[in-house]
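In the text below, chain A, chain B and the rest are named by the order of the sequence lines, each starting its count at 1.
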Amino acid sequence: MLRNHSMQEQYDFRAIEKKWQEHWEREQRYSVSEDPSKRKFYVLEMLPYPSGALHMGHVRNYSLGDSLARFKRMQGYNVLHPLGWDAFGLPAENAAIRHGVPPERWTLDNIRIMKKQAKEMGWSYDWDREITTCLPDYYKWNQWFFLQMYKKGLAYRRSGQVNWCEKCQTVLANEQVVNGRCWRDDSVVLQTELEQWYWRITQYAEELLQDLDKLGGWPEKVRSMQQNWIGKSSGTRVRFEIEGEQEAIEIFTTRVDTIYGATFVLLAPEHSLVRRWVDDPQHGPALTKFAEAMKWQDRAARTAEEGEKLGVFTGHFAINPFSNEKVPIWVANFVLMEYGTGAIMAVPAHDQRDFEFARKYQLPVRVVICPVSGELSQPLETAFSDYGQLVQSGPFSGLTSEFAQEKMAAFAGERGFGSPAVSYRLKDWGISRQRYWGTPIPILYCPRCGTVPVREKDLPVVLPKTDQIRLGGSPLATVPEFVNTTCHQCGGNATRETDTMDTFVDSSWYFYRYTAPRLDAAAVDRAAVCYWFPVDQYIGGIEHAILHLIYMRFFTKVMRDMGLVDFNEPVTNLFTQGMVIREGGKMSKSRGNVVAPDEMVRAYGADALRLFIQFAAPPERDLDWNEQGLEGCYRFVNRLWRLVYRFHGRWGTDVNANGIRKGPESRALERKLHQTIRKVTDDLERFHQNTAIAAIMELLNELYPYTEGDAEPRLVKEVLGKMTLLISPFAPHVAEEIGEILGHTESLDSAGWPSYDPELAREEEIEIVIQVNGKIRSKFSAPAGITESEMETAALSDEKVKSYLTDRRVQKVITVPKKLVNIVVR
RNA sequence: GCCGGAGUGGCGGAACUGGCAGACGCACCAGACUCAAAAUCUGGCGGGCCUUACAGCCCGUGGGGGUUCGACUCCCCCCUCCGGCACCA
């Protein structure tokens, strides 16, 4: 019986991919809505910056997400799989400055191009939920969140040291400075003083830290990076009175047990007391000079490894509250104002930095901790910073460090000059940016009323169009129509805040907006969030481990406290994929080794590219680009196609393959099929796309010789049919096409994920390995039901094995059911 | 310095709870097809030794030790590479 479904001999990926992309779009296959009768699954990938072209990193990220989304959809889940655009940011603005193109047009044009490319990859997004962060209906809600933060005291403005990127002409948050350089353009970050808006992320420091334990579905690496970033350390605060002053110095220490060895006190150059003492006729000039010098030194230089310890004496003395000893107060370059209290007690005998400082300025070193066993050879060559036993420490002498810390903190508490304290490295999030292409901060400055938040009903504060974008200063300040406004409280003249928000604000909550993207009355819809959240799988690059991924967690906690959501963490499982590299290094324009995805799509098709990028390496590892590998995947698709072509006229019309005559070859093939279904399913569940694809290749390799022999066409059809389903998450276009040839009338995502029959998957004949003293000496095959004692008997009577047993005594026989027999002889 | 991850053929990698190391792909070699080439198909492919052959033996998962009948897998020490934090008190 011939069933001549028209099928091209050649695998024409251009025609096939176009056909199915149009089909999916026409049928709106991937639009979803809340459906309480179905289990939901939220697959989220980090939204791209619309730079103008997809790169291989995007292809990897979104192909991984798409395979998962398609897999879950076939398993019957209601899958939310959206994409949007992180559309505010510097490149648009820089393009405007260089080429005079308005940022909005540049951005929207780029989005158009990239959306087309995304569709050409065959990614199954619900495009009805697309969001674009630079549009007022989105950034309006950034402003709304700002106002809520302001109301709750989580947004505040202060003047202080900030990270300044000269190239970007704007301030950066601490998270955005990587090794003293700008995260975006790698240029050196300077310190300067500016008035800025901050968000009080530190208020959530402890919770952000504690909840890391709940993120079992996150990579250990990301959790430890966030833990390091939050940088909690527990210690003691102790107040040192100052001789002849009202004010006291608060110091923070993690080693209060060493306090009897504190021979001087150190202040950060920015400490308020230093500013007070600069007028001192004797020591003032030196202090001023020193503080000024520190001010202009960028942080990278000041905190460089093994930097020289520098300091000046203030002329003042502090009183150690434990020993009542009078010790000199110095200012030192290595004491940081932004950590702890900006002041430390220096214990040169037990802290290497203090030791070096004492040596340089000939300050006394006093040992107060000794190793519990052994002696400390004096004079010290280097600080002894281990825990030990206290000596020369008044009533605390003889205690161990651990015990003394507790006792001494309690003592300080009783006497009222100290208390246990916790310090965090995490700083508040500076969100002001001195650039144009971002969300305007909804604040007015009124000469009478002061700082006035814009009323919610007046949102959005629309970013004005302007052709005057220049570098230097906040561009919005040059747009009078924007700046000059009326204070809604007093009706008088007022000016607007001209800084814009950090674009990381946009990405801190966009994934909530996907659940109700066009909602006009609120930022998020509680019911929709309730249905879709938490995100079941988030996929993105590791570079956001302590940027976006910590801001996002912070935002969720704030939203919870606002009553918008009722959970603590937004993302259950996080996957960080590796980079796509080439010749051992990053793909970059400057290296001239960039491979453009659209060129690869043109040459080999999206399906082959999607297969390769998921096959070539485990997804968490870096992937070295290799076009010959891509060709290999292209060959694989062709092999599949050829087999379908060769057989498509030879099978019956019924899809269900009953009545198959089962010879041993057919049984073996059927077994392989069911084993493959099991493996691909398991591998997809545990994010091992590379081995899932390898398993499908193996199945095809087994199918080929079968078709050369006395093949059962209906079994061939069954195998091809199931294989098509297995491959459809990775290569959806060719899968749909083959599916249609095989008789599917609907898209494969409604075909259901194939299930396997454990009975059919089970091996009938198994190979048993025989070891003698742990070395493989022979093998035999046996029926699957072989018992352990049968295995043992067979092994001991094996011809090859016998020669190893002569003249020896069998001491022990170990059997592993269905696998191996190990004969231990002596 | 502290924390985390990795190290397996020529290359990318596989081996889920200790049980046949090298699946799958690339590259390479040989054969078939072809006038020829490409494409395709078939076979080979860690190193060494041995044999006419069938086969067999030894070594081998960064290095060294250990646990175990048995270790890529577990434990200890070390080396190298990658990432985070770091004059953080």
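Residue A/R642 places at least one side-chain N or O closer than 4.0 Å to OP1 or OP2 of B/C41. Side-chain N/O atoms of A/R777 include none lying less than 4.0 angstrom from OP1 or OP2 on B/C69. Distances shorter than 4.0 Å separate none of the side-chain N or O atoms of A/T691 from OP1 or OP2 on B/A23.
More than 12 heavy atoms of other residues, nucleotides or ligands shown are found within 6.0 angstrom of NZ on A/K360. Within 6.0 Å of atom CD in A/Q8, 12 or fewer heavy atoms from other residues, nucleotides or ligands are found, so the atom counts as exposed in its surroundings.
Listed by first residue number, the stems of RNA chain B with at least three Watson-Crick or G-U pairs below 3.5 Å are B:1-7 with B:79-85, B:10-12 with B:24-26, B:28-32 with B:40-44, B:46-49 with B:56-59, B:62-66 with B:74-78.
Nucleic acid contact for A/K775: sugar-phosphate only, since backbone atoms but no base atoms lie under 4.0 Å from a heavy atom of the residue. Within 4.0 Å (heavy atoms only), A/R237 reaches no atom of the nucleic acid at all. Here A/Y804 lies in heavy-atom contact (under 4.0 Å) with sugar-phosphate atoms only. Contacts of A/K800 with the nucleic acid, taken as non-hydrogen atoms under 4.0 Å apart, involve only primed sugar atoms and P, OP1 or OP2. Note on A/G632: only backbone sugar-phosphate atoms sit closer than 4.0 angstrom, heavy atoms only; bases stay farther off. Within the 4.0 angstrom heavy-atom criterion, only backbone atoms of the sugar-phosphate kind lie near A/P618; the bases stay farther away. Across all strands shown, A/R223 has no heavy atoms under 4.0 Å from either base or sugar-phosphate atoms. Backbone-only engagement by A/N701 is indicated by non-hydrogen atom pairs under 4.0 Å involving sugar-phosphate atoms exclusively.
Looking at A/R366, its side chain does come within 3.5 Å of a backbone N or O of A/Y260 through a donor-acceptor pair. Proximity of a side-chain donor or acceptor of A/D428 to a complementary backbone N or O of A/I201 within less than 3.5 Å is detected.
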Under 3.5 Å, side-chain donor or acceptor atoms of residues 614-626 of chain A against the rest of the protein: list the pairs with distances, not counting sequence neighbours.
residue, atom, partner, partner atom, Å
A/Q614, OE1, A/S67, OG, 3.0
A/Q614, NE2, A/S67, OG, 3.0
A/Q614, NE2, A/R610, O, 3.3
A/D622, OD1, A/M579, N, 2.8
A/D624, OD1, A/E583, N, 3.2
A/N626, OD1, A/Q628, N, 3.0

Solution key, residues 343-353 of chain A side-chain donor-acceptor pairs under 3.5 Å, sequence neighbours excluded:
residue, atom, partner, partner atom, Å
A/H350, ND1, A/F384, O, 2.8
A/H350, NE2, A/V368, N, 3.0
A/H350, NE2, A/I369, N, 3.1
A/D351, OD1, A/R353, N, 2.9
A/D351, OD1, A/R353, NE, 3.1
A/D351, OD1, A/D354, N, 3.1
A/D351, OD2, A/R353, NH2, 2.5
A/Q352, OE1, A/T382, OG1, 2.8
A/Q352, OE1, A/A383, N, 2.9
A/Q352, NE2, A/E356, OE2, 3.3

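Residue whose closest nucleotide on RNA chain B sits further toward the 5' end, between A/F252 and A/A616: A/A616. Residue order along RNA chain B, read from the 5' end via each residue's closest nucleotide, puts A/D624 first among A/D624 and A/M697.
Here A/F730 pairs with nothing under the ring-ring contact (aromatic ring centres under 6.0 Å, His included) rule; sequence neighbours left out. Qualifying ring-ring contact (aromatic ring centres under 6.0 Å, His included) partners for A/Y645, counting only residues two or more places apart in sequence or in other chains: A/H648. Remark: A/S393 engages no residue in a side-chain hydrogen bond (donor to acceptor under 3.5 Å, both in side chains) (not counting sequence neighbours). Scanning for ring-ring contact (aromatic ring centres under 6.0 Å, His included) contacts around A/Y604 gives A/Y634, with sequence neighbours left out.
For the C1' atoms, the distance linking B/G63 with B/G70 amounts to 22 Å, nearest Å. Rounded to the nearest Å, the gap between the P atom of B/C2 and that of B/U68 is 32 Å. With both ends at atom C1', the span from B/C78 to B/G10 equals 29 Å, rounded to whole Å.
Taking only distance into account, the side chain of A/Q771 meets the base of B/G19 through a donor-acceptor pair shorter than 3.5 Å. Between the base of B/C69 and the side chain of A/K812 there is no donor-acceptor pair shorter than 3.5 Å.
For B/G9, the base adopts the syn conformation, since its glycosidic angle falls within 90 degrees of zero.
Proximity of the aromatic rings of A/F504 and A/W183 is defined here by a centroid distance below 6.0 angstrom, and this criterion is met. A centroid separation of less than 6.0 Å is found between the aromatic rings of A/W330 and A/F357.
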Polar atom pairs between nucleotides 9-11 of chain B and protein, under 3.5 Å, N or O only, would you list them?
none

Give each protein N/O atom lying under 3.5 Å from an N/O atom of nucleotides 82-84 of chain B, with the pair distance.
residue, atom, partner, partner atom, Å
B/G84, N2, A/N228, ND2, 3.4
B/G84, N3, A/N228, ND2, 3.4

Between the protein and nucleotides 27-31 of chain B, which nitrogen or oxygen pairs are less than 3.5 angstrom apart?
residue, atom, partner, partner atom, Å
B/A27, OP2, A/R635, NH2, 3.4

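For the contact set between residues 813-824 of chain A and RNA chain B, defined by any heavy atom under 4.0 Å, the members are A/I814, A/V816, A/K819, A/L820, A/N822, A/V824.
For residues 676-700 of chain A, every residue pair satisfying the ring pair (Phe, Tyr, Trp, His ring centres under 6.0 Å) rule, not counting sequence neighbours, is listed here: A/F575-A/F687.
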Stepwise salt bridge (charged side-chain N to carboxylate O under 4.0 Å, His left out) test for A/K818 and A/E763: CA-CA 10 Å; A/K818 296 176 186 181; A/E763 292 287 351; over 6 Å; no
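Shown here for A/F355 and A/L380, the closest heavy-atom pair between the two residues is CZ-O, 3.4 Å. The two atoms that bring A/N174 and A/W229 nearest to each other are O-CH2, 3.5 Å, heavy atoms only. The minimum heavy-atom distance linking A/M697 with A/C633 is given by the pair CE-SG, 4.3 Å.
When each of B/G25, B/A89, B/A14 is scored by its nearest atom to the side-chain atoms of A/T253, the top-ranked nucleotide is B/A89. Candidate nucleotides B/U42, B/C20, B/A15 were compared by shortest atom distance to the side chain of A/I776, and B/C20 ranks first. Residue A/N690 has its side chain nearest to B/G13 when only B/C24, B/G13, B/C41 are considered. Here B/A23 is the nucleotide among B/A15, B/A23, B/C87 with the atom lying nearest to any side-chain atom of A/E698. Checking B/C87, B/C20, B/A14 against every side-chain atom of A/N333, the shortest atom distance belongs to B/C87. Checked against B/C24, B/C20, B/A89, the side chain of A/L336 finds its nearest nucleotide in B/A89.
For the atom pair OG1 of A/T691 and CG of A/D682, the computed distance is 10.0 Å after rounding to the nearest 0.5 Å.
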